[in-house]
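These notes are about the structure you will find just below.
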There are 2 protein chains.
Amino acid sequence: MISVGGAFIVPLMSPQGSGAAADAAAPAAGRGRRAPRVSGEERESAILATAERLLEERSPQQISVDDLARGAGISRPSFYFYFPSKEAVFLALIDRLVAQADEGREQLLEHLAEDPAARWREALETIFGVFGAHRAVSLAGAEIRAVSPEARALWSGVMEQWVADTAAAIEAERARGAAPAGVPARDLAVALVSMNERVLYASFTGEAPALAEERLLEVLLPIWLSAIYGTTEPG
Amino acid sequence: MISVGGAFIVPLMSPQGSGAAADAAAPAAGRGRRAPRVSGEERESAILATAERLLEERSPQQISVDDLARGAGISRPSFYFYFPSKEAVFLALIDRLVAQADEGREQLLEHLAEDPAARWREALETIFGVFGAHRAVSLAGAEIRAVSPEARALWSGVMEQWVADTAAAIEAERARGAAPAGVPARDLAVALVSMNERVLYASFTGEAPALAEERLLEVLLPIWLSAIYGTTEPG
DNA sequence: GCAGCGTATCAACGCCGCGTCGGGATTGTC
DNA sequence: GACAATCCCGACGCGGCGTTGATACGCTGC
């Protein structure tokens with residue numbers, strides 16, 4: 001059963017196989033053992049894999065339930081046995097990505113005192129890395145946020161975490177005298193994290209005024225540093 | 001068919017056209033062509049008004065052609081006499097807003113030398129003001145960008161303008177020695193303008209990590225200043 | 001006054017995507 | 001061999017979109 005409301009478990013298997021579609025129905029004759037249970041799980045990840053593959057060429061709105069079903073080798077009504085809606089599929093994909101991102105987030109900003117610039121750099125690099133590795137899903141996330149309350153909540157959660165971590169780090173830097181006082185740390189964090197999100201998004205879609213992906217770090221890092229420390233070369 | 005109307009015509013302008021025409025500037029004029037049945041014009045603006053009103057309570061996707069038609073007192077097929085699609089209606093609304101914004105943009109950053117902080121402050125204030133005055137339309141714009149290539153092009157045009165203006169101002173400040181060299185001015189401008197857009201959007205929707213609207217300026221301005229001048233108190 | 005044209009309107013149609021219902025197949029268990 | 005899951009799908013109803021074809025209402029000109 002899939003429940004869309006909360007974080008639910010997603011198959012650990014990497015969906016990237018992108019093996020081809022429409023073949024899950026291979027008969028293979030009853031031969032062999034363990035044909036029974038697995039089939040369901042396989043179908044489920046086939047749907048997820050199809051979704052991720054299709055997202056690389058079209059937007060979520062342009063992908064129909066039928067596309068997903070056919071891609072996984074089942075009929076449209078069967079799709080509903082696995083997911084309550086196509087939105088739930090995208091949500092599952094995003095959920096998985098978010099979980100990955102949360103892992104990377106941990107303890108990145110703990111030893112700032114040693115070399116602030118380097119640590120902040122790593123933190124930004126990590127974020128860019130996670131989302132860059134699944135850009136299609138990242139973009140889908142940003143897009144269905146506008147339509148799905150669940151997606152909005154999920155995304156908010158991630159942003160909130162980053163903002164909290166960033167704000168805590170800024171406060172720590174201020175406490176040890178490395179950063180000057182200024183606007184509330186949390187407000188600063190909100191603005192900087194938002195900037196990253198938007199710039200990253202633009203960079204992925206390649207829309208009008210955007211930064212080249214390779215230059216993201218060298219442009220954004222100095223802005224973070226000067227906003228936080230008042231200089232791009234914090235000691 | 002029919003082009004979208006005499007007033008804010010939303011031309012199927014080719015993409016990349018610096019923000020679009022919207023030469024609706026002359027309300028009294030427009031007498032040039034055949035006498036336009038007033039009734040028709042009224043209907044057209046009734047549709048636009050309905051759209052703007054409905055946008056204050058629902059997202060563009062949740063507004064159907066039927067809603068717009070009924071709101072303007074006509075049937076659904078009649079709607080198509082005035083606009084080719086509901087998307088075109090929203091586009092017309094955005095186009096109008098963009099035109100207003102373009103006006104405000106002019107010559108804001110010309111006398112930076114006199115009092116940089118104050119001038120930048122005014123520039124940001126102006127932008128926030130224009131979009132804040134029609135937040136429903138602003139939000140709709142951000143949302144249909146994901147779906148409509150025209151909307152994307154339109155928005156890109158606006159962003160491009162601001163980025164260009166901002167970049168030029170930064171370069172001017174660097175030239176007169178008021179701002180230190182650093183990452184390319186344009187890149188800096190892209191990041192800062194993007195930050196504004198995203199933070200403004202979050203603030204309007206009230207989504208998770210957002211800044212209160214009244215605090216936008218006091219948070220964003222210091223970030224702009226320190227990113228550009230390396231200090232929040234440029235001389 | 002009436003022919004004629006351009007404006008404005010709508011009932012009815014066809015299409016497509018969504019989600020559901022109810023019945024059927026396969027498999028595993030007692 | 002009966003029962004229960006699990007899995008699958010044909011066929012339906014709904015709602016939104018955009019089009020067609022048939023009108024009705026001026027106004028213009030003769």
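By convention in this document, chain letters (A, B, ...) are assigned in the order of the sequence lines, proteins followed by strands, and residues within each chain are numbered from 1. Bear in mind that the values here come from a model prediction, so they are computed numbers and not experimental data.
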- Query: Is the CZ atom of Arg53(B) crowded by more than 12 outside heavy atoms at less than 6.0 Å?
  - Reply: yes
- Gln61(B) CD to dG17(C) P, straight-line distance once rounded to whole Å: 16 Å
- Query: Is Glu160(A) salt-bridged to Arg186(A), going by a charged N under 4.0 Å from an acidic O?
  - Reply: yes
- Under 3.5 Å donor-acceptor, Lys86(A) side chain and Ile63(A) backbone: yes
- Note on the structure: To the nearest angstrom, the CD-P distance between Glu42(B) and dT7(C) comes to 17 Å
- Task: Mind calculating the distance between CD (Gln62(B)) and P (dC17(D)) to the nearest angstrom?
- Result: 13 Å
- Message: Could you tell me how far apart Tyr80(A) (OH) and dG17(C) (P) are, to the nearest whole angstrom?
- Response: 11 Å
- To the nearest angstrom, the CZ-P distance between Phe79(A) and dG19(C) comes to 8 Å
- Over how many whole Å does the gap from Ile74(A) atom CD1 to dT6(D) atom C1' extend? 13 Å
- Task: Please determine, for the side chain of Phe81(B), which listed nucleotide (dA8(C), dG17(C), dA11(C)) has the closest atom?
- Result: dA8(C)
- Task: Between dG19(C), dC17(D), dC21(C), spot the one nearest the side chain of Val65(A), thanks.
- Result: dG19(C)
- Task: Measure from CD1 on Ile63(B) to P on dG15(D) and round the result to the nearest Å.
- Result: 19 Å
- Message: When you measure from the side-chain N and O atoms of Ser64(A) to the phosphate of dG17(C), is any distance below 4.0 Å, counting only OP1 and OP2?
- Response: no
- Nearest to the side chain of Lys86(A), which nucleotide is it out of dC7(D), dC10(C), dC18(C)? dC18(C)
- Message: Which nucleotide wins on minimum distance to the side chain of Pro77(B), given the candidates dA11(C), dG16(D), dA8(C)?
- Response: dA11(C)
- Message: Taking atom types as they are modelled, would you say the side chain of Arg76(B) forms a donor-acceptor pair with the base of dG16(D) within the 3.5 Å cutoff?
- Response: no
- Would the Trp155(A) and Tyr201(A) ring centres measure less than 6.0 Å apart? no
- Return the value, rounded to whole Å, for the distance between atom OH of Tyr82(A) and atom C1' of dG19(C). 18 Å
- Return the orientation label for the Trp224(A) and Trp120(A) ring planes: parallel under 30°, perpendicular over 60°, tilted otherwise. tilted
